[in-house]
Amino acid sequence: MSKIGFNKKLQKSCAYCVHSAKLEMTNETICKKRGVMDERDYCRSYKYDPLKREPQRVKISDNYSAEDFKL
């Protein structure tokens, strides 16, 4: 198994591959090696590109008091 980056549980996907580009109107990607593929698929030429991944946003709680900001 190859190194996936920071998240070890991240599934291999054409959406995160160096060889692919996302098609705008569909859930598909176009791969230099295999052609049009579903973004959840991957092939043996898969190589992770961390710049294609968008991390999930963390919700920050909004219940702060003035005491939280005192030094």
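Please read these numbers as outputs of a predicted model, since none were measured by experiment.
Residue pairs that meet the ring pair (Phe, Tyr, Trp, His ring centres under 6.0 Å) test with at least one member in residues 19-40, sequence neighbours left out, do not exist here. Residues in residues 23-33 take part in no side-chain hydrogen bond (donor to acceptor under 3.5 Å, both in side chains) pair, two or more places apart or across chains.
Across every non-hydrogen atom of Cys17 and Ser45, the tightest pair is SG-O, 4.4 Å.
A 4.5 Å side-chain heavy-atom check between Gln11 and Tyr42 finds every atom pair outside the cut-off.
Here OH of Tyr46 is found 9.0 Å from SG of Cys14. Values are rounded to the nearest 0.5 Å. How far OG of Ser13 is from NZ of Lys52: 10.0 Å, rounded to the nearest 0.5 Å. In this structure, Arg44 CZ and Arg34 CZ are separated by 8.0 Å, a value rounded to the nearest 0.5 Å.
Apart from Ile30 itself, the hydrophobic cluster it occupies contains Leu23, Val36, where clustering links Ile, Leu, Val, Met, Phe, Trp and Tyr at side-chain heavy-atom distances under 4.5 Å.
Remark: Asp62 pairs with no residue by the side chain to side chain donor-acceptor pair (under 3.5 Å) rule, at least two apart or across chains. Here Asp49 pairs with nothing under the side chain to side chain donor-acceptor pair (under 3.5 Å) rule; sequence neighbours left out. Residues that satisfy the salt bridge (Lys or Arg N to Asp or Glu O under 4.0 Å) test with Lys47, not counting sequence neighbours, are absent from this structure.
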